[in-house]
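Just below is one structure, and these are the notes that go with it.
Note that the structure is predicted; figures quoted are calculated from it, not measured. Each chain gets a letter, A, B and so on, in the order its sequence line appears, and its residues count up from 1.
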Amino acid sequence: MTDATAPTRTPSVITKKTEDEALDVVPVRHYGRWAAAVTAVVALIGLAGSLAKNDNLHWDVVGDYLFAGLIFDGLVTTLWLTAAAMALGLALGTVIAVMRLSASPVLYGLSSLFVWAFRGTPLLVQIIFWGYAAALYSQIKIGIPFTEVTFVSWDTNAVLTPAVAALLALGLNEAAYASEIVRAGIQSVDPGQAEAAHSLGMRPALTMRRIVLPQAMRVIIPPMGNETINMLKMTALVSVIAAHDLMSNIQEVYAQNYQVIPLLVVASCWYLVLVSLLSIPQAWLERRYGRGAARSQSNSAVQRLFGSAGTPWARRTKKEAGR
Amino acid sequence: MSQPMVQARGVRKRYGSLEVLRGIDLTVERGQVCCLLGPSGSGKSTFLRCINHLERVDGGTLKVDGDLVGYRRHAGKLHELGEREVAERRRDIGMVFQRFNLFPHMTALDNVCEAPVKVAGVSKAEAEAEAQRLLEQVGLADRAGHFPAQLSGGQQQRVAIARALAMKPKLMLFDEPTSALDPELVGDVLDVMRRLAADGMTMVVVTHEIGFAREVADTAVFMDEGVVVEAGAPRQVLTEPTQERTRAFLSKVL
């Protein structure tokens with residue numbers, strides 16, 4: 001603390017500046033931040049200690065199941081389900097966003113209907129609907145409506161396995177939300193960009209793909225990162241149709257041994273780990289699509305936590321950087 | 001035979017109840033430079049945007065190199081063209097915008113290469129060589145790898161000119177190309193345009209640079225309230241205007 005307040009000596013003999021020029025700048029001191037940081041750390045250590053000593057949490061059970069095979073199987077399912085549902089959601093959502101912005105009333109109407117239906121009903125209902133679709137239609141047929149003509153048909157239960165049903169439910173629901181995010185991104189791009197592309201002879205589809213969407217990505221990525229994190233946790237809902245994701249398998253275990261809380265701690269640990277890992281590709285994507293945008297670089301979370309102006313550490317590094 | 005490059009007959013355009021073009025007649029011959037002057041809101045930018053169909057014409061005919069822009073005449077009626085045909089006709093018409101409208105996610109070189117590669121189907125290597133040559137022509141050979149945000153306004157506008165030239169247009173449209181620039185950067189852009197005119201490019205230029213119009217233009221056109229007030233040789237229109245409205249405008253801007 002003391003070295004932060006001590007003025008740095010200026011080598012006035014070497015520089016031979018006048019006294020006014022040689023004056024050092026001392027940034028505002030944030031004593032409140034130091035006090036708050038100490039308080040917060042003490043409180044957090046206290047909380048961690050109390051959790052560690054709590055016997056009701058059965059840490060031994062947590063330890064037993066944290067790396068259990070069944071949990072890993074569920075983890076894998078959760079991961080691919082998240083990835084596939086997000087891919088489906090983003091691809092379909094982009095198509096729907098473009099349709100909603102289209103001048104064609106047919107495309108606009110159909111896309112609006114889709115968003116209305118899939119955003120307007122609870123996801124849990126949609127999951128159950130897809131999971132039990134066989135109860136509605138035992139066969140899936142492609143043919144001419146209102147006639148007996150059928151080209152192909154499948155048995156619904158064979159096609160809509162729990163995994164497929166989960167993927168469809170999550171992906172279609174996500175598409176409705178993603179389409180609104182993509183639409184906002186597209187609308188954030190200066191119309192002059194499309195005009196410039198058109199004036200070069202680029203057709204609307206090419207303009208969208210090469211000029212508008214890459215620029216819209218900057219606006220799309222942060223909320224889509226949010227959506228991905230949300231999706232990771234929403235996959236837990238597919239346990240209602242036994243899709244064998246992480247949550248399904250956790251439930252299966254505690255239905256047998258009644259250790260509900262320890263197993264939920266196991267689940268939470270893994271969800272936290274996965275969400276933390278997801279922030280890495282997001283940061284990479286933001287840099288990738290931020291190219292050529294502003295000259296300023298945003299600071300990383302670590303820099304923000306430990307490098308704020310006013311701490312002695314930050315002052316020293318700034319001085320070294322200035323040399 | 002020699003068709004005029006741009007031929008407008010009674011071109012009309014309205015936004016709702018506001019009529020912004022009220023019958024424009026204008027001819028620009030091949031290889032000529034035509035400067036459109038006039039107060040803001042006079043319709044000169046709108047007319048320029050009609051030439052490459054960025055704006056739809058509501059009445060009259062507008063031909064570029066003998067072809068109707070954005071329409072096909074069939075059985076005494078004008079049919080609007082589909083997006084593919086419109087895009088095809090725009091390839092021959094280069095346009096430079098007031099706010100440059102460079103693609104910010106691409107380097108200067110990629111900005112210039114984009115249309116030749118993706119629209120004209122030129123090979124990447126060939127397009128890059130040509131783009132490098134065009135950037136050199138506008139004095140920016142050493143800025144090829146820079147993103148637009150790293151360039152000054154004047155440099156961005158010169159990249160935009162190179163980008164338009166990359167499609168080898170037969171007509172260049174300039175929409176107030178120097179209005180968004182710092183005064184000291186205007187000269188570089190005007191120099192490039194001057195050289196382009198000297199090379200025989202047909203140009204339609206909406207501008208407030210009276211000096212440039214007087215020096216470079218073959219025709220100066222003064223517009224106000226959606227009509228052509230006066231057109232002719234720049235020496236005549238800009239120094240001895242016959243119309244009172246032109247005189248009043250010039251006395252304010254000079």
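Ranked by heavy-atom pairs under 4.5 Å with chain A, the list B:Asp92, B:Thr107, B:Asn52, B:Val119 is led by B:Val119.
For B:Ile93, the part lying under 4.5 angstrom from a heavy atom of chain A is the backbone only. When heavy atoms are compared at a cutoff of 4.5 Å, B:Arg163 approaches chain A by way of both its backbone and its side chain. When heavy atoms are compared at a cutoff of 4.5 Å, B:Leu173 does not approach chain A at all. Contacts of B:Arg84 with chain A are made by both backbone and side-chain atoms, with heavy-atom separations under 4.5 Å.
Considering B:Arg90, B:Glu83, B:His53 in turn, B:Arg90 is the only one that fulfils the side chain to side chain contact (heavy atoms under 4.5 Å, CB included) rule with A:His198.
Taken from NE2 in B:His105 to CZ in A:Arg218, the straight-line distance is 11.5 Å, to the nearest 0.5 Å. Note: B:Asn101 CG to A:Leu200 CG = 10.5 Å, rounded to the nearest 0.5 Å. To the nearest 0.5 Å, the span separating CD on B:Glu114 from CD1 on A:Ile211 amounts to 4.5 Å. Between the CD atom of B:Glu88 and the CZ atom of A:Arg203 there is a distance of 8.5 Å, given to the nearest 0.5 Å.
B:Phe97 and A:Ser199 make their closest contact through CE1-OG, 3.8 Å (heavy atoms, listed as atom of the first residue, atom of the second, distance). Closest non-hydrogen pair, A:Gly201 versus B:Arg91, comes out as CA-CG, 3.9 Å.
In this structure, A:Pro214 and B:Phe103 have side chains that are not in contact, with every pair of non-hydrogen atoms separated by 4.5 Å or more. B:Lys118 places a side-chain heavy atom less than 4.5 Å from the side chain of A:Leu206.
Environment of CZ in B:Arg194: crowded, with over 12 heavy atoms of neighbouring residues, nucleotides or ligands closer than 6.0 Å. Other residues, nucleotides and ligands contribute only 12 or fewer heavy atoms inside 6.0 Å of the NZ atom of B:Lys63. Within a 6.0 Å sphere centred on CH2 of A:Trp80, heavy atoms belonging to other residues, nucleotides or ligands number more than 12. Heavy-atom contacts from other residues, nucleotides or ligands closer than 6.0 Å to CZ of B:Arg14 number more than 12.
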